[in-house]
Amino acid sequence: MRLKKDTPVERIWNGIYIENPVFCLILGMCPTLATTTSALNGVGMGVSTMIILMLAEFIISLIRGIIPDRMRMPAYIVVIASFVTIVDFLMEGFTPALYDSLGIYIPLIVVNCIIMGRAEAYAGKMKPVSALFDGLGMGLGFTIALFLLGSVREIIGAGTWFGIKVTPASYVPVNIFVLAPGAFLVLGFLVAVMNKLKIGAGRRPGVDPTQGNMCGDCANCMKLGMCGGKTECIAAEATGKEEV
Amino acid sequence: MDNKYQVSVSPHVRDSITTQKIMLMVIGALMPACIFGVVNFGLHALLILIITPAAAVASEYIYEKLMHKKNTVGDLSACLTGLLLAMNMPPEISWWIPVLGAIFAIIVVKQLYGGLGQNFMNPALGARCFLLIAFSDRMTTYYPTNGFINTLWNVEGTTDALSGATPLAYLKLGQHFDLKALFLGNVGGVIGETSALLLLAGGLFLVCKKIIEIRIPAVYLGSFAVLTLVTSVVRGYNDPLIFTLEELCAGGLMLGAWFMATDYVTSPVTEKAQYIYALLLGILTWVFRLIGISSEGVSYAIIFMNCLVPLIENYTKPPAFGISPEKKSAGKEEKS
């Protein structure tokens, strides 16, 4: 299935499946591994990141013309940090339990590499609506990944799902899945399943380099030989420069 | 014509020894300690010792069948992994825990990394640590021995002292435990670790048969003993020498040093690297046991060092034949 590039539907599908930030780009590992001790925490983290990602990408895309190229990272961080602060206060006010369990990981969304990466690779070069839907797609992909990871870890590790007991009474929870080693184990298996699905659908596992770039830096891209500098590369397309 | 000229890469000199024979000899060397474990802890221990290797072999067979890989059940490595894991189980454990551990050992630790020879950590110990974290309460509930040996060898005063705590818990507090009982194995603990005497005999058998080199266990136990002796003198324990011997005989140290630290796949290849590896093992075990908060640390020490083996080997690479070390370093300078 090849969708027309940079349409809302394509962006959402791209974020969820083709370039899922967790399963394909392997970005944002710190919140992915640390906050998914339960399905609820995973979804909470995913949704708050998604909101910030959408708003930040939208605003960055709007002001991309007036940000000097050399100062773009500080400018991006100011935008992202503003939205993180808003979400941080909102969560503290309205969902105090979730806020407590996520702890430091809410303020840390400022330096979440998915947001920084998308701002740099996509929002800083594309139109606002596309950027908004890119944020939505990436955020949904992140949320789904964290939900899956949190669900598996909670069901195996604690015998519950969203806090409700789902396993028979005789089930002995395998505690290690709620702890740090379980996060790595489950992530590894989920990435393997995702790659299997992609291979089954006739795609390359992981990131498909012919499907556009993820970092925006074609000049230093290690996979340059694989895409051959085709016009499909987003950065080259967006800037119109001969980066490759 | 083709059959007359066999073209192959080195090594060209071959020995009659095979993986299967090596594994068989290691299993044989473990047998006395296993039998002793059954005598010491009863028939449930026998059940664990049978079903764990069976589960390991079955998971290896099924995985290789499903993945269309070459069937390697015949080399007995899975059987040995299962046996070592079973020897690391508390005698009264529910049967499904070691089975789960065997599946984890074979599929996650061994096969996912590419099978025998590719795994970066000892599968049995990887699974043991997995179980230890997953079911920490069940994995650390030890029961006293059934007292059979007490009457046989007339070792006194051990069974009473054993309700609940393992010898290591006493040693942790700087108290003494019966050295004779520790050496013979009439103490609580996991199934296969209790008898230092039989494990030592098994290890020496393997050394005599040239299956393992003595340097890893010798340096490991030696460095640990020296550090423990110094610590017990500094802390002013009674009879530091006896205390050191008790530490050597207690817990999984003998099993780990002779049978797990010497695993071909996860220990270094070169002699120099083996010395460093064994020395660091001794230091780590000492840190875990005498400095840290837990009373046992052999399995974590070995796993930790397994992960460091590639690094150690990288720094102890022997120079290629015909190239002197000076020349090599000169070449490096030119490059930089």
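All heavy atoms count here, side chains included; hydrogens, waters and symmetry mates do not. Within every chain, numbering begins at 1; the chains are lettered A, B, ... in the order of the sequence lines, protein sequences first and strands thereafter.
- Under the side-chain hydrogen bond (donor to acceptor under 3.5 Å, both in side chains) criterion, Ser77(B) pairs with Asp75(B), Lys110(B), not counting sequence neighbours.
- Few gaps surround NZ on Lys69(B); more than 12 heavy atoms of other groups in view lie less than 6.0 Å from it.
- Under the ring-ring contact (aromatic ring centres under 6.0 Å, His included) criterion, the residue pairs touching residues 57-102 of chain B are Trp96(B)-Phe135(B), with sequence neighbours excluded.
- Screening residues 290-301 of chain B for salt bridge (Lys or Arg N to Asp or Glu O under 4.0 Å) gives Arg289(B)-Glu296(B) as the qualifying pairs, with residues at least two apart or on separate chains.
- In this structure, Phe162(A) places its CZ atom where more than 12 heavy-atom neighbours from other residues, nucleotides or ligands lie under 6.0 Å away.
- By a heavy-atom distance cut of under 4.5 Å, not one residue of residues 144-158 of chain A is near chain B.
- In this structure, chain A has a heavy atom under 4.5 Å from the side chain of Leu112(B), while its backbone stays farther away.
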Take Ile176(A) and Phe104(B), measure what side-chain contact (heavy atoms from CB on, under 4.5 Å) needs, and give me the verdict at the end. CA-CA 13 Å; Ile176(A) 192 169; Phe104(B) 183 85; over 6 Å; no
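- Counting non-hydrogen atoms of other residues, nucleotides and ligands closer than 6.0 Å to OH of Tyr300(B) gives a total above 12.
- By the 6.0 Å contact criterion, CD1 on Ile291(B) is enclosed, its count of non-hydrogen atoms from other residues, nucleotides or ligands being greater than 12.
- Between Ile133(B) and Leu179(A) the shortest heavy-atom distance is CG2-CD1, 3.5 Å.
- Between Asp137(B) atom CG and Asn175(A) atom CG the span is 8.5 Å, to the nearest 0.5 Å.
- Surrounding NZ of Lys165(A) are more than 12 heavy atoms belonging to other residues, nucleotides or ligands, all under 6.0 Å away.
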